[in-house]
Amino acid sequence: MGAAHQAASDSASTASDAPVRPQAGESAGVLQENAVGPDEAVQLLDEHGEPRHDATFSPYIEALDPDVLRGFYRDMATVRRFDTEATALQRQGELALWVPVVGQEAAQIGSGRAMNKADYAFPTYREHGVALTRGLDLADLLKLFRGVTNGGWDPREKNFHLYTLVLAAQTPHAVGYAMGISRDLAADPATEPAAVVAYFGDGSSSEGDVHESMIFAASFDAPVVFFCQNNNWAISVPFEVQSRVPLVNRAGGYGIPGIRVDGNDVLAVYAVSKWALDHARDGHGPVLIEASTYRIGAHTTADDPTKYRLNAEEEAWKAKDPLARMETYLRAENLADDAFFEQVKNDGDELAAHVRKATLALGGADIRQKFATVYAQAHPLVAEELAWFENYEASFADAAPQNSNTQGGAA
């Protein structure tokens with residue numbers, strides 16, 4: 001435990017039972033100076049499922065109903081089962097690509113469940129768990145990966161933005177939306193306060209968009225939480241190559257609080273996210289959260305992680321599995337029994353069947369339509385590329401005959 005963490009624990013223990021909001025520089029990695037060590041993070045449930053007390057953040061968990069605690073596990077198990085089914089669909093040729101989330105469930109469920117209905121999430125392309133917490137039909141996520149749409153859902157219905165495939169492009173959008181929230185409140189104080197969560201990964205943290213977004217957010221006290229899932233690998237580039245200091249310490253450069261949390265501990269992630277969202281909603285400005293986690297599988301189904309990392313590393317992180325530690329905790333506290341876990345499994349299988357059926361019913365994507373929407377008007381270069389593609393596709397023995405009047409522009 002670091003000195004700043006210990007000092008906060010000592011002072012908070014003399015206060016009331018209500019959650020104590022630490023100020024910058026005082027507690028559990030909530031810092032505005034370059035002071036978090038490489039192994040320091042907020043943790044309320046260790047890798048063995050044993051509870052750990054934190055004077056600042058434990059009260060957020062102690063106030064929860066047992067149904068909510070069971071719900072954390074149910075959500076994580078559900079998204080893992082969904083992820084397994086989506087991966088199978090891609091391997092069977094039903095999806096062009098898939099982005100697995102195995103290992104990062106706690107980071108997503110904990111932060112997603114901490115949000116209020118009025119809050120707004122800007123995801124990358126891997127936030128399947130957050131989508132679940134926002135109430136999306138997970139089958140809708142697969143429309144994009146099947147190629148039948150550029151979206152898949154109306155982001156305004158659940159306050160969950162469309163997936164962003166360009167690294168870090170969603171972060172300036174998130175800040176702009178948060179600045180809009182501030183202006184709405186200034187124009188009408190009766191407006192319900194809200195905050196924004198900008199999700200990104202450690203690889204995206206090296207993009208200029210993230211840097212610029214944090215500058216704007218800090219300059220205008222935008223109510224935004226920057227939530228970085230540091231899964232240790234930007235595809236094949238390890239985090240230590242990307243940064244010489246813990247990522248959370250970058251917050252000090254922008255003059256905003258930064259918190260590192262054990263991203264495989266759903267309880268700690270929930271508590272830290274609650275604190276950060278309250279901080280932002282109450283008008284205190286942005287917060288950076290670094291959730292230290294691990295991508296157990298491939299970056300995408302087009303990736304082979306055995307080419308750049310050791311099996312021993314993966315096995316070490318599997319021992320920190322977020323589902324296993326939460327199951328251990330629920331059983332030890334007599335909050336769940338075999339019947340509960342069996343029901344969760346059955347519900348997951350039912351969801352998987354629904355997702356498969358919905359995906360197969362989508363039909364195939366018409367890639368020619370993509371050529372038709374490059375320009376508003378027909379374009380000779382695009383028409384030439386379309387002709388090349390059609391000739392290439394027709395060269396396969398099992399190619400189906402195609403009749404298309406599509407030009408190299410809008411149809």
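All values below come from the heavy atoms of this structure, side chains included, with hydrogens, waters and symmetry mates left out.
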For this session: Give the C-alpha distance, both sets of side-chain angles, the deciding distance and a yes or no for salt bridge (charged side-chain N to carboxylate O under 4.0 Å, His left out) between Arg281 and Asp119.
Result: CA-CA 9 Å; Arg281 269 191 235 102; Asp119 297 334; 2.8 Å; yes

Aromatic ring centroids of [X] and [Y] under 6.0 Å?
| X | Y | value |
| --- | --- | --- |
| Trp98 | His128 | yes |
| Phe160 | Phe122 | no |
| Tyr177 | His161 | no |
| Tyr270 | Phe72 | yes |

Between [Y] and [X], does any NZ, NE, NH1 or NH2 come within less than 4.0 Å of an OD or OE carboxylate oxygen?
| X | Y | answer |
| --- | --- | --- |
| Glu50 | Arg325 | no |
| Glu314 | Arg309 | yes |
| Asp67 | Arg74 | no |
| Lys345 | Glu342 | no |

For this session: List the steps, then state whether side chain to side chain contact (heavy atoms under 4.5 Å, CB included) holds for Trp317 with Asn264.
Result: CA-CA 10 Å; Trp317 276 93; Asn264 284 17; 4.0 Å; yes

For this session: Report the relative orientation of the aromatic rings in Phe226 and Phe200; use parallel for angles under 30°, tilted for 30 to 60°, perpendicular for over 60°.
Result: perpendicular

Exercise. Would you call the rings of Tyr375 and His379 parallel, tilted or perpendicular if under 30° counts as parallel and over 60° as perpendicular?
Worked result: parallel

For this session: Answer yes or no: is there a donor N or O on one side and an acceptor on the other, between the side chain of Arg250 and the main chain of Ser205, under 3.5 Å?
Result: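 Present.
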
For this session: Keeping the roles fixed (side chain from Glu290, backbone from Val248), state whether a donor-acceptor pair exists under 3.5 Å.
Result: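 Yes.
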
Exercise. Considering residues, nucleotides and ligands other than Glu313, do more than 12 of their heavy atoms fall under 6.0 Å from its CD?
Worked result: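 Check passes, neighbour count above 12.
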
Problem set entry | Value rounded to 0.5 Å, distance of NZ in Lys143 from CH2 in Trp153 | 10.0 Å

For this session: From the options Asp303, Asp202, Asp83, select the one residue that forms a salt bridge (charged side-chain N to carboxylate O under 4.0 Å, His left out) with Arg295.
Result: Asp303

For this session: Among Lys357, Arg356, Arg80, find the one that has a salt bridge (charged side-chain N to carboxylate O under 4.0 Å, His left out) with Glu85.
Result: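 Of Lys357, Arg356, Arg80, salt bridge (charged side-chain N to carboxylate O under 4.0 Å, His left out) with Glu85 is met by Arg356 alone.
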
For this session: Determine, stepwise, if the pair Asp347 / Thr78 fulfils side chain to side chain contact (heavy atoms under 4.5 Å, CB included).
Result: CA-CA 8 Å; Asp347 291 345; Thr78 297; 5.8 Å; no

Exercise. Among all residues two or more places apart in sequence or in another chain, which pass the side-chain hydrogen bond (donor to acceptor under 3.5 Å, both in side chains) test with Arg126?
Worked result: His299

Exercise. If you take all heavy atoms of Leu323 and Ala77, which pair is closest and at what distance?
Worked result: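 For Leu323 versus Ala77, the nearest heavy atoms are CD2-CA, 3.6 Å.
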
Exercise. Taking it one step at a time, do Val42 and Asp262 satisfy side chain to side chain contact (heavy atoms under 4.5 Å, CB included)?
Worked result: CA-CA 6 Å; Val42 178; Asp262 180 348; over 6 Å; no

